[in-house]
**Student:** 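Next up is a structure, given as structure tokens.
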Amino acid sequence: MLYLSTRGHPDRKHFCDILLEGLAPDGGLYLPERYPQIDDAQLTQLRKAYHEQGYAELAFQILQLFIDDIPAADLHALCAKTYTAEVFGTGEIVPLRHLEDGLWLEALSNGPTLAFKDMAMQLLGNLFEYELARRGETLNILGATSGDTGSAAEYAMKGKQGVRVFMTSPHGRMSPFQQAQMFSLQDENIHNIAIEGVFDDCQDIVKAVSNDLDFKRQYKIGTVNSINWARLLAQVVYYFAGYVQATETNAERVSFTVPSGNFGNVCAGHVARSMGLPIDKLVVATNENDVLDEFFRTGVYRVRSSADTHETSSPSMDISKASNFERFVFDLLGRDAAQTRALFGDALSKQGRFDLGQDPRFADAAARYGFESGMSTHADRLATIRDTFQRHGVTIDTHTADGVKVAREHRGDGTVPMIVLETALPIKFAETIQEALGHSPERPAKFDGIEDLPKRVQVMPADVQQVKAYIVQNCK
Ligand SMILES: *Cc1c(COP(=O)(O)O)cnc(C)c1O
């Protein structure tokens with residue numbers, strides 16, 4: 001299995017080469033040359049693997065189709081080490097829970113940081129450690145976070161050989177729970193840098209450091225952002241796990257509704273569907289930052305300015321552009337790399353938008369790829385959290401609420417099960433739950449008193465030189 005760039009670079013690469021890389025050299029995103037196809041017998045085999053041997057075995061069997069440069073026994077061991085009941089709370093790893101007529105919740109957020117990003121990041125941590133050891137290399141991960149990504153990365157990389165994490169975050173702007181989660185880590189290879197500024201300042205610092213190519217090379221700077229193919233691949237597995245839990249035969253189909261920001265989660269659903277998993281609809285749910293909903297309704301993809309990007313109560317979906325979206329558009333255009341380059345390279349940088357509304361390939365996109373979309377506002381979120389609690393006694397987080405709201409509008413006549421991906425636990429967004437329900441969400445026992453633990457964090461002005469100096473000093 002070889003990987004190509006969505007912008008047409010001639011190189012073809014193996015999985016482990018792109019594992020440690022971000023963008024392709026031409027600015028494109030990596031995708032497999034073709035999606036492996038699952039036939040009926042294989043799907044039956046995967047169904048058995050999940051039910052009889054568990055999620056780790058399912059993960060191994062799917063990953064193996066995409067990875068030909070890690071020996072099977074090693075890949076098997078990496079999956080077994082990653083997807084354990086100890087780390088993810090249950091033996092099912094991603095249990096499916098019935099909510100109401102035709103609607104199910106797939107729990108993806110029982111990992112260490114209580115958000116679905118753990119599903120991929122925990123595997124990434126083990127893959128990085130394995131591959132760096134094999135190459136005799138080290139890596140310093142530099143990132144910017146406003147919450148979920150940074151903590152998922154830190155919990156995945158803590159204590160790993162060959163990896164250090166330098167995570168910048170806007171000082172005093174994350175929720176107390178999120179700060180406590182990250183800053184209470186005492187592992188020597190984890191460095192929290194609280195920047196006196198906003199999230200954009202943190203991102204600018206990461207960009208500035210990464211653009212200093214000498215520094216980047218000398219200090220082996222890397223990233224773990226959502227365009228990383230390995231993260232996307234790890235996410236493909238739970239679409240299969242949701243499907244085999246919701247159905248008894250391969251003749252049945254299911255639909256998924258996915259709370260979306262950077263289009264990473266739902267893009268994994270697109271890959272699963274392209275492999276032949278019987279998915280009917282993939283419903284993209286956005287918050288007020290409706291870049292993706294606008295595209296699926298009109299064919300217009302319009303990047304928002306930062307002034308035009310709303311701060312919402314589902315903050316992990318507050319995006320100005322959807323960084324994984326190029327992967328889907330490449331497929332939509334019949335894998336025309338020149339046109340993908342023209343749209344994402346030229347049109348976006350010059351006009352900040354492109355319009356496929358008149359393109360016949362957009363017109364039948366819903367039929368061919370199953371995509372539908374909808375959006376949800378703060379008022380919708382509150383109403384959905386309240387209603388779901390009152391009718392079912394279930395508390396859902398704000399992002400999942402965006403999903404449930406949109407799923408209810410798209411479930412059709414209820415003959416095809418609609419699975420909503422639950423992307424975080426409510427305790428991470430306690431303020432909005434309090435606003436909706438008048439009481440705080442339940443806190444898992446292992447997080448009792450987390451805010452009182454000693455904190456390991458370095459506060460710094462928004463100054464690239466100081467961040468660089470800190471990295472140099474801590475790379476010895
Ligand atoms: C990251 C995140 C999302 C958005 O996922 P994408 O892959 O960016 O679409 C949704 N909900 C939560 C809780 C998240 O952390």
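When a ligand or atom number is given, it counts from 1 through the structure's own listing order.
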**Student:** Do R386 side-chain atoms and A436 backbone N/O form a donor-acceptor pair below 3.5 Å?
**Tutor:**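 Yes: the side chain of R386 pairs with the backbone of A436.
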**Student:** Which of parallel (below 30°), tilted (30 to 60°) and perpendicular (above 60°) describes F354 and Y301?
**Tutor:**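 F354 vs Y301 ring planes: tilted.
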**Student:** Output the list of atoms in ligand 1 that are nearer than 4.0 Å to some heavy atom of G264, sorted by atom number.
**Tutor:** 6 (P), 7 (O), 9 (O)
**Student:** Please confirm whether F429 comes within less than 3.5 Å of ligand 1 when only nitrogen or oxygen atoms on both sides are compared.
**Tutor:**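 No; every N/O pair is 3.5 Å or more apart.
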**Student:** Could a heavy atom of S260 be found less than 4.0 Å from some atom of ligand 1?
**Tutor:**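 A heavy atom of S260 does come that close to ligand 1.
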**Student:** With a cut-off of 6.0 Å (strictly less than), are more than 12 heavy atoms of other residues, nucleotides or ligands near CD of E33?
**Tutor:** yes
**Student:** What protein heavy atom lies closest to atom 11 (N) of ligand 1? Include the residue and the distance to one decimal.
**Tutor:** T423 OG1, 3.0 Å
**Student:** Tell me, which protein residue and heavy-atom name are nearest atom 1 (C) of ligand 1, and how many Å apart are they?
**Tutor:**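 Of the protein heavy atoms, K117 NZ, 1.4 Å lies nearest.
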**Student:** Counting C-beta onward and ignoring hydrogens, is there a side-chain heavy-atom pair between W229 and E21 closer than 4.5 Å?
**Tutor:** no
**Student:** Quick check on contacts: which atoms of ligand 1 are under 4.0 angstrom from a heavy atom of F116?
**Tutor:**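 Every atom of ligand 1 under 4.0 Å from some heavy atom of F116: 1 (C), 2 (C), 3 (C), 5 (O), 7 (O), 14 (C).
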**Student:** Name the one of F362, F296, F295 that satisfies ring-ring contact (aromatic ring centres under 6.0 Å, His included) with F371?
**Tutor:** F296
**Student:** Counting heavy atoms only, which of D118, L114, D148, D402 comes nearest to atom 13 (C) of ligand 1?
**Tutor:**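 Answer by nearest heavy atom: D148.
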**Student:** Which option wins on minimum heavy-atom distance to atom 10 (C) of ligand 1: M317, R231, K428?
**Tutor:** M317
**Student:** Begin with the C-alpha distance, continue with both residues' side-chain angles, and end with the deciding distance and a verdict on side chain to side chain contact (heavy atoms under 4.5 Å, CB included) for R173 and S146.
**Tutor:** CA-CA 8 Å; R173 285 174 191 258; S146 53; over 6 Å; no
**Student:** Measuring from atom 4 (C) of ligand 1, which candidate in S314, G261, C267 has the nearest non-hydrogen atom?
**Tutor:**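 The option holding the nearest heavy atom is G261.
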**Student:** Between F263 and F328, what is the ring plane arrangement, given parallel below 30°, perpendicular above 60°, and tilted in between?
**Tutor:**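 Judged by the thresholds at 30° and 60°, the geometry between F263 and F328 is tilted.
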**Student:** Can you list the ligand 1 atoms lying under 4.0 Å from a non-hydrogen atom of A424?
**Tutor:** 13 (C)
**Student:** Give the residue, atom name and distance (to 0.1 Å) of the protein heavy atom nearest atom 8 (O) of ligand 1.
**Tutor:**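 In this structure, atom 8 (O) of ligand 1 has N262 N, 2.8 Å as its nearest protein heavy atom.
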**Student:** Who's the nearest protein heavy-atom neighbour of atom 7 (O) of ligand 1, and how far?
**Tutor:**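 Checking every protein heavy atom, the shortest distance to atom 7 (O) of ligand 1 gives N265 N, 2.9 Å.
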**Student:** Please name the pair of heavy atoms, one in N289 and one in I319, separated by the smallest distance, quoted to 0.1 Å.
**Tutor:**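 Shortest heavy-atom contact: CB-O, 3.7 Å.
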